[in-house]
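Remarks on the structure that follows.
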Protein chains: 2
Amino acid sequence: MMANSLTMKIATWNVNSVRSRIPTIERFLKRVEPDVLCMQETKVRDDDFPVEAFSALGYEVLFAGEKSYSGVATASRIPMKLIARGFDGDGAEDAARLLAVEVQRIPIVNSYVPQGRDPKDERFQYKLRWFARLREWLDERYTPRKRLLWVGDMNVAPEERDVHAPQRLSNHPDFHPDARRAFAETAGWGFVDCFRLHNDEDQQYTFYDYRDTKSVEKKHGWRVDHIMATKPLAKLCSAAWIDIQPRLGENPSDHTPLLAEFDL
Amino acid sequence: MMANSLTMKIATWNVNSVRSRIPTIERFLKRVEPDVLCMQETKVRDDDFPVEAFSALGYEVLFAGEKSYSGVATASRIPMKLIARGFDGDGAEDAARLLAVEVQRIPIVNSYVPQGRDPKDERFQYKLRWFARLREWLDERYTPRKRLLWVGDMNVAPEERDVHAPQRLSNHPDFHPDARRAFAETAGWGFVDCFRLHNDEDQQYTFYDYRDTKSVEKKHGWRVDHIMATKPLAKLCSAAWIDIQPRLGENPSDHTPLLAEFDL
DNA sequence: GAAGCAGCGG
DNA sequence: CCGCTGCTTC
């Protein structure tokens with residue numbers, strides 16, 4: 001390794017309420033020591049964000065939340081700069097679903113893509129447009145020829161091997177052809193799926209529905225959380241993995257952390 | 001001690017939801033090993049009562065509950081017989097505030113006296129009548145010349161030394177002169193306050209209001225939980241004390257267990 | 001199933 | 001402050 005080389009470990013995790021998950025998150029940070037943790041579904045107003053739990057472990061944290069629903073936050077133990085909350089800067093509509101920061105001169109876009117409810121629901125159309133809107137947002141600000149990360153809960157399983165029952169689930173908002181196409185369009189801006197760079201197996205899931213009893217044992221999972229890197233950054237990705245440990249411990253989220261490491 | 005002598009340790013505790021308090025109750029039972037534990041504010045329908053948690057520790061348990069509010073239950077590690085739920089037997093009105101059992105041929109009346117809200121409220125009159133009704137209920141069935149116990153959350157601090165601010169609290173439903181008189185009337189049927197048999201100090205409290213922040217440190221307490229014995233039984237009372245340990249542990253109730261020991 | 005909230009109650 | 005219910009969301 002060169003003297004000035006630096007490894008950056010980044011994690012994305014839909015925590016399903018940052019406040020109720022604090023002990024689980026603390027165990028994760030202590031054990032895994034990611035440089036950056038991108039969280040989704042924090043479900044907390046910015047005024048009530050538990051900053052102290054993160055600073056006590058040496059992390060700065062930036063957030064864009066609202067009451068009850070959604071909410072994204074990014075914690076970093078290396079210096080971090082705020083780029084944007086929501087698509088149109090501070091206080092924008094839907095700010096609680098997009099948070100862009102810069103770490104080590106790399107823009108990190110943390111997103112919680114709308115779930116879409118049902119392909120017949122108008123909120124599904126909103127989901128499809130959300131992906132298009134993100135591609136435009138990226139295009140106006142960045143180029144895929146430079147280092148950039150897009151991570152988060154995308155609410156899309158890209159391929160058949162990313163769900164446990166591809167036939168049955170083709171009408172699910174997270175596996176409907178239109179959703180997969182919308183995700184692929186934005187990924188097509190210039191992203192590489194870091195997990196798939198290093199893992200070819202099926203049944204690699206980051207989400208198990210709470211309501212589906214024994215879904216973990218039955219392997220009824222979904223791979224809907226992703227770490228997407230532009231090509232110049234993807235080249236530096238040395239590893240990517242799903243960390244199942246928080247699921248085995250106390251008070252797990254329905255999502256599991258996804259990690260990637262980059263040799264900068 | 002005689003060969004056939006038996007010590008009976010009895011506890012009363014407003015647990016403020018038996019289900020959310022199970023771990024705290026388990027620690028209490030293991031550490032203190034009472035023979036009988038009378039609980040109030042169990043806040044659970046009989047169908048949902050967590051019987052298993054008690055049987056696992058060697059206790060039978062009888063209960064008279066309703067959804068959300070009130071509810072009384074008595075656990076015993078020595079054989080116990082059901083006498084009555086509510087004033088008029090099974091399925092009676094207000095059954096969730098009175099449970100009578102018999103242990104070692106001693107009737108034990110476990111009661112959760114209505115709080116009364118405010119002396120101006122009509123529910124305060126109901127509280128006063130409740131005490132009168134209990135005295136009648138006792139008179140119809142028992143005699144103070146025999147062994148009997150009346151325990152529970154009486155929602156009355158009998159004397160000035162039993163509250164932290166007697167002047168200020170004289171209009172509180174738990175210290176209003178009418179409430180104190182109503183309690184004294186029923187106690188006058190033939191009861192001795194077992195705690196006062198063995199403790200003369202003031203500031204001996206069994207309740208600290210959750211809403212009064214730092215009430216414990218400020219000693220803003222109330223002695224509203226009582227173990228009352230008829231004279232022939234009071235003679236056998238060898239000790240009575242408040243167990244503050246559950247308050248120092250995890251997930252405490254706003255009430256603290258009160259205990260008494262009898263050498264039968 | 002497990003979060004959040006409002007509204008009620010002690 | 002801390003339970004409960006009943007509602008909503010994912």
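Note on naming: letters A, B, ... go to the chains in the order of the sequence lines (proteins, then strands), and numbering restarts at 1 for each one. Note that the structure is predicted; figures quoted are calculated from it, not measured. The figures here come from the full heavy-atom set of this structure, side chains too, leaving out hydrogens, waters and symmetry mates.
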Is A:R180 paired with A:D162 through a side-chain N to carboxylate O contact shorter than 4.0 Å? no

Starting at CG of B:D48 and ending at P of D:dC4, how long is that distance when rounded to a whole Å? 11 Å

Salt-bridge contact A:D174-A:K127 (side-chain N to carboxylate O under 4.0 Å): yes

Geometric class of the A:W222/A:H172 ring pair [parallel <30°, tilted 30-60°, perpendicular >60°]: tilted

Contact pattern, 5' to 3', of nucleotides 3-10 of chain C - B, S or - by protein heavy atom under 4.0 Å: SSSS--SB

Flag the pair A:W130 / A:Y112 as yes when their ring centroid distance falls below 6.0 Å, and as no otherwise. no

Just checking B:F124 against B:H176, ring centres under 6.0 Å apart? yes

Could you state the CZ-P distance from B:F207 to D:dG3, rounded to the nearest angstrom? 14 Å

Between B:H226 and B:F183, is the ring centre distance below 6.0 Å? yes

Which whole-number value in Å describes the distance from B:R247 CZ to D:dC1 C1'? 12 Å

Tell me the interatomic distance from A:D118, atom CG, to D:dC10, atom C1', rounded to whole angstroms. 13 Å

Could you check how far CD1 of B:I22 sits from C1' of D:dC2, rounded to whole Å? 17 Å

